[in-house]
J.: 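Below is a structure I'd like to ask you about.
What you are looking at is a predicted structure, and each value in this text was computed from that prediction instead of being measured. Chain letters run A, B, ... following the sequence lines, proteins first and then strands; every chain starts at 1.
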Amino acid sequence: MPELPEVETVRRGLEQHVTGRLVTDVSFGHPRAVRRQPGGRAEFRDRLRGRVLGIAGRRGKYLWIPLHAPGHDPRRGDDHDGSALVAHLGMSGQFRVGAPTDPAGGDPPHAGVGLHLADGTDLWFCDQRTFGWVCVDDLDGDGRPTAAGHVAPDPFEAGYDPDAVAHRLRRRRTEIKRALLDQTLVSGIGNIYADESLWRAQVHGRRRTDALTARQARSVLAAAQQVMAQAMAAGGTSFDALYVDVFGESGWFDRSLAVYGRAGEPCPRCGTPIRRESFMNRSSWFCPVCQSAPRRRKAETGPTTRPSAPGG
DNA sequence: CGGAGCTCCTGGGGGC
DNA sequence: TGCCCCCAGGAGCTCC
(Lines give C-alpha, C1' and ligand atoms only; values in the text may rest on other atoms or scores of the structure.)
Protein backbone atom coordinates (compact mmCIF):
# COMPACT_ATOMS: atom_id res chain seq x y z
CA MET A 1 0.00 0.00 0.00
CA PRO A 2 2.66 2.55 0.66
CA GLU A 3 3.29 3.91 -2.83
CA LEU A 4 5.13 7.11 -3.72
CA PRO A 5 2.70 9.57 -2.05
CA GLU A 6 2.64 7.58 1.19
CA VAL A 7 6.42 7.15 1.23
CA GLU A 8 6.84 10.88 0.60
CA THR A 9 4.55 11.63 3.54
CA VAL A 10 6.81 9.49 5.72
CA ARG A 11 9.94 11.16 4.27
CA ARG A 12 8.63 14.61 5.14
CA GLY A 13 7.88 13.48 8.67
CA LEU A 14 11.40 12.10 9.05
CA GLU A 15 12.95 15.26 7.65
CA GLN A 16 10.95 17.37 10.04
CA HIS A 17 11.35 15.31 13.18
CA VAL A 18 14.63 13.39 13.22
CA THR A 19 17.10 15.46 11.17
CA GLY A 20 20.18 16.27 13.22
CA ARG A 21 19.51 13.70 15.95
CA LEU A 22 22.33 11.50 17.24
CA VAL A 23 21.83 7.71 17.31
CA THR A 24 22.98 6.39 20.66
CA ASP A 25 21.90 2.76 20.29
CA VAL A 26 19.90 0.30 18.19
CA SER A 27 17.56 -2.48 19.28
CA PHE A 28 16.04 -5.30 17.27
CA GLY A 29 12.60 -6.85 17.00
CA HIS A 30 11.50 -9.09 14.14
CA PRO A 31 14.42 -11.00 12.59
CA ARG A 32 13.34 -10.25 9.00
CA ALA A 33 13.49 -6.47 9.37
CA VAL A 34 17.23 -6.08 8.65
CA ARG A 35 18.01 -7.43 5.17
CA ARG A 36 20.67 -6.81 2.50
CA GLN A 37 23.18 -6.28 5.29
CA PRO A 38 26.22 -8.50 4.64
CA GLY A 39 27.31 -8.37 8.29
CA GLY A 40 23.79 -8.73 9.65
CA ARG A 41 22.53 -7.02 12.77
CA ALA A 42 25.97 -6.41 14.25
CA GLU A 43 27.08 -4.47 11.20
CA PHE A 44 23.76 -2.61 11.07
CA ARG A 45 24.16 -1.48 14.66
CA ASP A 46 27.86 -0.62 14.27
CA ARG A 47 27.20 1.60 11.26
CA LEU A 48 24.40 3.49 13.01
CA ARG A 49 25.74 4.01 16.52
CA GLY A 50 27.22 7.45 17.05
CA ARG A 51 25.96 8.76 13.69
CA VAL A 52 23.85 11.87 13.15
CA LEU A 53 20.69 11.46 11.05
CA GLY A 54 20.61 13.61 7.92
CA ILE A 55 17.83 14.92 5.69
CA ALA A 56 15.72 12.00 4.44
CA GLY A 57 15.76 11.30 0.71
CA ARG A 58 13.52 9.24 -1.56
CA ARG A 59 13.33 7.75 -5.04
CA GLY A 60 10.06 6.07 -5.93
CA LYS A 61 9.19 3.92 -2.92
CA TYR A 62 12.77 3.74 -1.59
CA LEU A 63 13.53 5.88 1.41
CA TRP A 64 16.86 6.72 3.06
CA ILE A 65 18.39 8.85 5.79
CA PRO A 66 22.00 9.89 5.08
CA LEU A 67 24.33 9.48 8.04
CA HIS A 68 26.74 12.15 9.25
CA ALA A 69 29.78 12.14 11.50
CA PRO A 70 29.07 13.24 15.08
CA GLY A 71 29.21 16.99 15.47
CA HIS A 72 28.14 17.58 11.88
CA ASP A 73 24.92 19.47 11.24
CA PRO A 74 23.04 18.29 8.15
CA ARG A 75 20.82 21.38 8.21
CA ARG A 76 23.93 23.54 7.92
CA GLY A 77 24.90 21.59 4.80
CA ASP A 78 27.65 19.44 6.32
CA ASP A 79 28.41 16.45 4.10
CA HIS A 80 27.15 12.98 4.92
CA ASP A 81 29.69 10.27 5.55
CA GLY A 82 28.89 8.27 2.41
CA SER A 83 26.33 5.97 4.01
CA ALA A 84 22.62 5.96 4.79
CA LEU A 85 19.92 4.10 6.66
CA VAL A 86 17.88 2.70 3.74
CA ALA A 87 14.30 1.46 4.00
CA HIS A 88 11.62 -0.05 1.83
CA LEU A 89 8.19 -0.09 3.47
CA GLY A 90 6.92 -3.08 1.47
CA MET A 91 3.26 -3.66 2.22
CA SER A 92 2.96 -2.42 5.75
CA GLY A 93 6.22 -0.85 6.94
CA GLN A 94 6.02 2.23 9.14
CA PHE A 95 8.40 4.67 10.75
CA ARG A 96 7.17 5.93 14.09
CA VAL A 97 8.72 8.81 15.98
CA GLY A 98 8.38 9.15 19.72
CA ALA A 99 8.32 7.08 22.84
CA PRO A 100 7.39 3.38 22.72
CA THR A 101 3.64 3.05 22.13
CA ASP A 102 3.09 -0.30 23.84
CA PRO A 103 1.07 0.38 27.00
CA ALA A 104 3.27 -2.08 28.86
CA GLY A 105 6.21 0.15 28.03
CA GLY A 106 8.03 -2.34 25.81
CA ASP A 107 8.65 -2.32 22.09
CA PRO A 108 5.81 -1.10 19.84
CA PRO A 109 3.66 -3.68 17.99
CA HIS A 110 5.43 -5.39 15.06
CA ALA A 111 8.73 -3.79 16.01
CA GLY A 112 11.47 -4.31 13.44
CA VAL A 113 14.32 -2.10 14.60
CA GLY A 114 14.47 0.79 17.03
CA LEU A 115 16.89 3.70 16.87
CA HIS A 116 17.40 5.31 20.24
CA LEU A 117 18.24 8.98 19.91
CA ALA A 118 20.27 11.25 22.16
CA ASP A 119 17.29 13.45 23.01
CA GLY A 120 15.51 10.48 24.58
CA THR A 121 13.06 9.76 21.76
CA ASP A 122 12.96 6.62 19.63
CA LEU A 123 12.59 6.11 15.90
CA TRP A 124 10.96 2.72 15.24
CA PHE A 125 10.64 0.77 12.02
CA CYS A 126 7.57 -1.47 12.44
CA ASP A 127 6.13 -3.88 9.90
CA GLN A 128 3.17 -6.20 10.30
CA ARG A 129 3.52 -8.21 7.07
CA THR A 130 7.31 -8.14 7.01
CA PHE A 131 7.73 -7.37 3.33
CA GLY A 132 9.60 -4.21 4.25
CA TRP A 133 13.25 -4.01 5.27
CA VAL A 134 16.02 -1.72 6.42
CA CYS A 135 19.80 -1.74 6.02
CA VAL A 136 22.75 0.61 6.20
CA ASP A 137 24.14 1.05 2.71
CA ASP A 138 26.74 3.15 0.87
CA LEU A 139 25.68 6.25 -1.06
CA ASP A 140 26.92 6.80 -4.61
CA GLY A 141 28.18 10.06 -6.10
CA ASP A 142 24.62 11.28 -6.61
CA GLY A 143 23.78 10.62 -2.98
CA ARG A 144 21.64 7.54 -3.71
CA PRO A 145 22.01 4.16 -2.03
CA THR A 146 23.34 1.29 -4.11
CA ALA A 147 20.36 -0.80 -2.97
CA ALA A 148 18.17 1.51 -5.08
CA GLY A 149 20.55 1.60 -8.02
CA HIS A 150 18.22 -0.26 -10.37
CA VAL A 151 15.26 2.02 -9.66
CA ALA A 152 14.22 4.50 -12.38
CA PRO A 153 13.55 8.18 -11.62
CA ASP A 154 10.09 8.90 -10.26
CA PRO A 155 7.80 11.55 -11.80
CA PHE A 156 8.77 14.20 -9.26
CA GLU A 157 12.53 14.17 -9.85
CA ALA A 158 14.32 16.84 -11.85
CA GLY A 159 15.81 14.15 -14.10
CA TYR A 160 12.42 12.65 -15.00
CA ASP A 161 11.75 12.84 -18.75
CA PRO A 162 8.15 11.82 -19.50
CA ASP A 163 8.64 11.77 -23.28
CA ALA A 164 11.64 9.47 -22.94
CA VAL A 165 9.70 7.19 -20.58
CA ALA A 166 6.74 7.15 -22.98
CA HIS A 167 9.12 6.11 -25.73
CA ARG A 168 10.64 3.31 -23.65
CA LEU A 169 7.15 2.25 -22.58
CA ARG A 170 6.04 1.78 -26.19
CA ARG A 171 9.10 -0.30 -26.98
CA ARG A 172 8.14 -2.80 -24.28
CA ARG A 173 6.23 -5.89 -25.31
CA THR A 174 3.91 -6.32 -22.35
CA GLU A 175 0.68 -4.93 -20.89
CA ILE A 176 0.48 -1.32 -19.75
CA LYS A 177 -0.39 -2.09 -16.15
CA ARG A 178 2.55 -4.46 -15.79
CA ALA A 179 4.81 -1.77 -17.21
CA LEU A 180 3.49 0.84 -14.76
CA LEU A 181 4.30 -1.47 -11.87
CA ASP A 182 7.85 -2.08 -13.16
CA GLN A 183 10.05 0.19 -11.03
CA THR A 184 12.86 0.17 -13.58
CA LEU A 185 10.75 2.09 -16.11
CA VAL A 186 9.22 4.74 -13.86
CA SER A 187 9.25 4.36 -10.09
CA GLY A 188 6.76 5.00 -7.31
CA ILE A 189 3.59 3.54 -8.86
CA GLY A 190 1.87 0.59 -7.15
CA ASN A 191 -1.46 -1.13 -7.62
CA ILE A 192 -3.62 1.74 -6.36
CA TYR A 193 -2.13 4.52 -8.44
CA ALA A 194 -1.72 2.29 -11.49
CA ASP A 195 -5.49 1.68 -11.55
CA GLU A 196 -6.27 5.33 -10.85
CA SER A 197 -3.87 6.54 -13.57
CA LEU A 198 -5.31 4.16 -16.16
CA TRP A 199 -8.84 5.25 -15.30
CA ARG A 200 -7.94 8.93 -15.63
CA ALA A 201 -6.24 8.32 -18.98
CA GLN A 202 -9.13 6.06 -20.10
CA VAL A 203 -6.80 3.20 -21.00
CA HIS A 204 -7.44 -0.43 -20.10
CA GLY A 205 -4.65 -2.04 -18.08
CA ARG A 206 -4.43 -5.03 -20.43
CA ARG A 207 -3.64 -2.88 -23.47
CA ARG A 208 -0.32 -3.81 -25.03
CA THR A 209 2.40 -1.23 -24.53
CA ASP A 210 3.56 -1.72 -28.12
CA ALA A 211 0.04 -0.97 -29.36
CA LEU A 212 -0.39 2.31 -27.46
CA THR A 213 -0.26 5.57 -29.35
CA ALA A 214 2.35 8.09 -28.21
CA ARG A 215 -0.51 10.25 -27.03
CA GLN A 216 -1.94 7.44 -24.88
CA ALA A 217 1.44 6.62 -23.37
CA ARG A 218 2.06 10.25 -22.45
CA SER A 219 -1.48 10.56 -21.13
CA VAL A 220 -1.10 7.61 -18.75
CA LEU A 221 2.20 8.96 -17.42
CA ALA A 222 0.77 12.45 -16.98
CA ALA A 223 -2.20 10.98 -15.12
CA ALA A 224 0.15 9.08 -12.80
CA GLN A 225 2.00 12.27 -11.95
CA GLN A 226 -1.25 14.16 -11.44
CA VAL A 227 -2.98 11.60 -9.22
CA MET A 228 0.11 11.08 -7.05
CA ALA A 229 0.56 14.84 -6.65
CA GLN A 230 -3.03 15.14 -5.45
CA ALA A 231 -2.58 12.19 -3.08
CA MET A 232 0.57 13.75 -1.61
CA ALA A 233 -1.34 16.97 -0.97
CA ALA A 234 -3.87 14.91 1.00
CA GLY A 235 -1.19 13.13 3.03
CA GLY A 236 -1.49 9.84 1.15
CA THR A 237 -4.06 7.06 0.98
CA SER A 238 -5.07 5.07 4.05
CA PHE A 239 -7.57 2.25 4.21
CA ASP A 240 -6.81 1.27 7.77
CA ALA A 241 -4.10 1.62 10.39
CA LEU A 242 -1.54 -0.07 8.17
CA TYR A 243 -0.47 3.06 6.41
CA VAL A 244 0.17 6.03 8.67
CA ASP A 245 2.62 8.91 8.96
CA VAL A 246 5.41 9.14 11.56
CA PHE A 247 2.88 9.93 14.28
CA GLY A 248 0.42 7.22 13.28
CA GLU A 249 -1.99 9.60 11.56
CA SER A 250 -3.93 8.54 8.44
CA GLY A 251 -4.06 10.30 5.08
CA TRP A 252 -7.34 11.18 3.40
CA PHE A 253 -6.86 10.44 -0.26
CA ASP A 254 -8.86 7.18 -0.18
CA ARG A 255 -11.97 9.37 -0.36
CA SER A 256 -10.77 10.62 -3.74
CA LEU A 257 -10.13 7.25 -5.38
CA ALA A 258 -12.24 6.74 -8.49
CA VAL A 259 -11.94 2.99 -9.04
CA TYR A 260 -9.53 1.26 -6.63
CA GLY A 261 -11.48 -1.03 -4.30
CA ARG A 262 -14.81 0.26 -5.65
CA ALA A 263 -16.26 -2.74 -7.47
CA GLY A 264 -19.97 -2.19 -8.19
CA GLU A 265 -19.89 1.53 -7.41
CA PRO A 266 -20.65 3.96 -10.25
CA CYS A 267 -17.80 5.27 -12.36
CA PRO A 268 -17.41 8.97 -11.42
CA ARG A 269 -17.20 9.81 -15.13
CA CYS A 270 -20.00 7.81 -16.74
CA GLY A 271 -21.89 6.01 -13.95
CA THR A 272 -21.19 2.49 -15.17
CA PRO A 273 -20.50 0.08 -12.28
CA ILE A 274 -16.76 -0.35 -11.65
CA ARG A 275 -15.50 -3.85 -12.37
CA ARG A 276 -12.89 -5.89 -10.55
CA GLU A 277 -10.72 -8.40 -12.35
CA SER A 278 -7.96 -10.73 -11.25
CA PHE A 279 -4.58 -9.68 -12.54
CA MET A 280 -1.10 -10.98 -11.66
CA ASN A 281 -2.53 -12.83 -8.63
CA ARG A 282 -4.09 -9.61 -7.34
CA SER A 283 -6.85 -7.24 -8.42
CA SER A 284 -7.47 -4.53 -10.97
CA TRP A 285 -10.37 -2.11 -10.87
CA PHE A 286 -11.55 -0.23 -13.94
CA CYS A 287 -14.58 1.20 -15.74
CA PRO A 288 -15.65 -1.18 -18.52
CA VAL A 289 -17.04 1.70 -20.60
CA CYS A 290 -14.38 4.40 -20.18
CA GLN A 291 -11.58 1.86 -20.46
CA SER A 292 -12.42 -0.48 -23.30
CA ALA A 293 -10.72 -3.85 -23.07
CA PRO A 294 -8.43 -4.96 -25.87
CA ARG A 295 -9.67 -7.73 -28.13
CA ARG A 296 -8.67 -11.15 -26.99
CA ARG A 297 -5.75 -12.57 -28.87
CA LYS A 298 -6.39 -15.19 -31.55
CA ALA A 299 -4.39 -17.83 -29.70
CA GLU A 300 -6.81 -17.62 -26.76
CA THR A 301 -9.98 -17.78 -28.81
CA GLY A 302 -8.91 -20.93 -30.64
CA PRO A 303 -8.66 -21.82 -34.33
CA THR A 304 -12.32 -21.25 -35.17
CA THR A 305 -12.54 -18.13 -37.33
CA ARG A 306 -10.82 -19.06 -40.53
CA PRO A 307 -8.64 -21.79 -41.91
CA SER A 308 -5.02 -20.94 -42.55
CA ALA A 309 -4.48 -19.58 -46.02
CA PRO A 310 -1.15 -19.83 -47.76
CA GLY A 311 0.62 -16.55 -48.42
CA GLY A 312 -1.47 -14.55 -45.91
C1' DC B 1 18.11 -10.55 -21.80
C1' DG B 2 13.27 -9.36 -21.32
C1' DG B 3 9.01 -11.13 -19.77
C1' DA B 4 6.18 -13.82 -16.67
C1' DG B 5 5.09 -16.27 -12.66
C1' DC B 6 6.18 -17.72 -7.91
C1' DT B 7 7.00 -16.58 -3.23
C1' DC B 8 7.87 -14.36 1.02
C1' DC B 9 4.31 -12.87 5.39
C1' DT B 10 0.51 -11.74 8.81
C1' DG B 11 -3.93 -10.05 10.51
C1' DG B 12 -8.55 -8.88 9.33
C1' DG B 13 -12.77 -10.33 7.72
C1' DG B 14 -16.27 -13.24 5.81
C1' DG B 15 -18.54 -17.56 5.64
C1' DC B 16 -20.13 -21.67 7.67
C1' DT C 1 -18.67 -18.48 19.02
C1' DG C 2 -14.91 -20.35 16.76
C1' DC C 3 -12.37 -21.94 13.04
C1' DC C 4 -10.66 -21.84 8.48
C1' DC C 5 -9.69 -19.89 4.28
C1' DC C 6 -9.17 -16.01 1.44
C1' DC C 7 -7.19 -11.64 0.63
C1' DA C 8 -4.07 -7.56 0.49
C1' DG C 9 0.64 -6.89 -2.60
C1' DG C 10 6.26 -4.95 -3.54
C1' DA C 11 9.81 -6.82 -5.60
C1' DG C 12 13.54 -10.24 -5.70
C1' DC C 13 14.29 -14.49 -7.67
C1' DT C 14 14.06 -18.14 -11.07
C1' DC C 15 12.85 -20.07 -15.21
C1' DC C 16 12.00 -19.88 -20.08
J.: For a quick check of understanding: with a heavy-atom distance under 4.0 Å over all strands, which category does A:Y62 fall into, base, sugar-phosphate or nothing?
T.: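 Since only primed, P, OP1 and OP2 atoms lie under 4.0 Å of A:Y62, the category is sugar-phosphate.
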
J.: Using the side-chain contact (heavy atoms from CB on, under 4.5 Å) rule, pick out the option among A:L89, A:L115, A:L85 that qualifies with A:F125.
T.: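 Of A:L89, A:L115, A:L85, side-chain contact (heavy atoms from CB on, under 4.5 Å) with A:F125 is met by A:L89 alone.
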
J.: Does a donor on one side chain and an acceptor on the other come within less than 3.5 Å for A:D138 and A:S83?
T.: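 Distance-only check fails for A:D138 and A:S83.
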
J.: Could you give the CE-to-C1' distance, from A:M91 to C:dG10, as a whole number of Å?
T.: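 Computing the A:M91:CE to C:dG10:C1' distance gives 8 Å.
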
J.: May I ask you to say what A:R276 touches in the nucleic acid, namely base, sugar-phosphate or nothing, with a heavy-atom cut-off under 4.0 Å?
T.: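 Since only primed, P, OP1 and OP2 atoms lie under 4.0 Å of A:R276, the category is sugar-phosphate.
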
J.: Could you tell me how far apart A:D195 (CG) and C:dA8 (P) are, to the nearest whole angstrom?
T.: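 Distance check: A:D195 CG to C:dA8 P gives 11 Å.
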
J.: Contact class for A:R36 vs. all strands (heavy atom < 4.0 Å): base, sugar-phosphate, or nothing?
T.: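 Touches sugar-phosphate only.
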
J.: Under 3.5 Å, is there a donor-acceptor pair linking the side chains of A:E6 and A:Y193?
T.: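 There is such a pair (donor and acceptor under 3.5 Å, judged by atom type) between the side chains of A:E6 and A:Y193.
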
J.: For A:L185 and B:dA4, give me the distance from atom CG to atom P, rounded to whole Å.
T.: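 After rounding, the gap between these two atoms is 13 Å.
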
J.: Would you mind reading off the distance between A:D210 atom CG and B:dG2 atom P, rounded to a whole angstrom?
T.: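 My rounded result for the distance is 15 Å.
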
J.: Kindly check if the number of other-residue, nucleotide or ligand heavy atoms within 6.0 Å of CZ (A:R171) is above 12?
T.: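 Atom CZ in A:R171 is not crowded, with 12 or fewer foreign heavy atoms closer than 6.0 Å.
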
J.: Scan side-chain atoms only and decide if A:D137 and A:T146 contain a donor-acceptor pair under the 3.5 Å cut-off.
T.: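 Looking only at side-chain atoms, A:T146 and A:D137 do form a donor-acceptor pair, the distance falling under 3.5 Å.
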
J.: Give a yes/no on whether any side-chain N or O of A:T174 is located under 4.0 angstrom from OP1 or OP2 of B:dA4.
T.: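 Yes.
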
J.: Is the CZ atom of A:R173 crowded by more than 12 outside heavy atoms at less than 6.0 Å?
T.: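 For A:R173, atom CZ is not crowded (no more than 12 foreign heavy atoms under 6.0 Å).
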
J.: What distance do A:R144 atom CZ and A:Y62 atom OH have between them, rounded to the nearest 0.5 Å?
T.: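 If I round to the nearest 0.5 Å, the distance is 13.5 Å.
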
J.: Write down the distance between CD1 (A:I176) and C1' (B:dG3), rounded to a whole number of angstrom.
T.: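 Spelled out: CD1 on A:I176 to C1' on B:dG3 is 15 Å.
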
J.: Figure out the CZ/P separation between A:R168 and B:dG2, and round it to whole Å.
T.: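 Result: 10 Å.
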
J.: CZ of A:R171 versus P of B:dG2: gap in Å, rounded?
T.: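 Between P of B:dG2 and CZ of A:R171: 11 Å.
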
J.: If only side-chain N and O atoms of A:R208 are considered, is one of them under 4.0 Å from the OP1 or OP2 phosphate oxygen of B:dG3?
T.: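 For B:dG3, neither OP1 nor OP2 has a side-chain N or O of A:R208 closer than 4.0 Å.
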
J.: Atom CD of A:E277 to atom P of C:dA8: distance rounded to whole Å?
T.: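 Whole-Å distance recorded here is 14 Å.
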
J.: Name the pairs: protein N/O against N/O of nucleotides 5-12 of chain B, kept only if under 3.5 Å.
T.:
residue: B:dG5; atom: OP2; partner: A:R178; partner atom: NH2; Å: 2.7
residue: B:dG11; atom: O4'; partner: A:Q128; partner atom: OE1; Å: 3.3

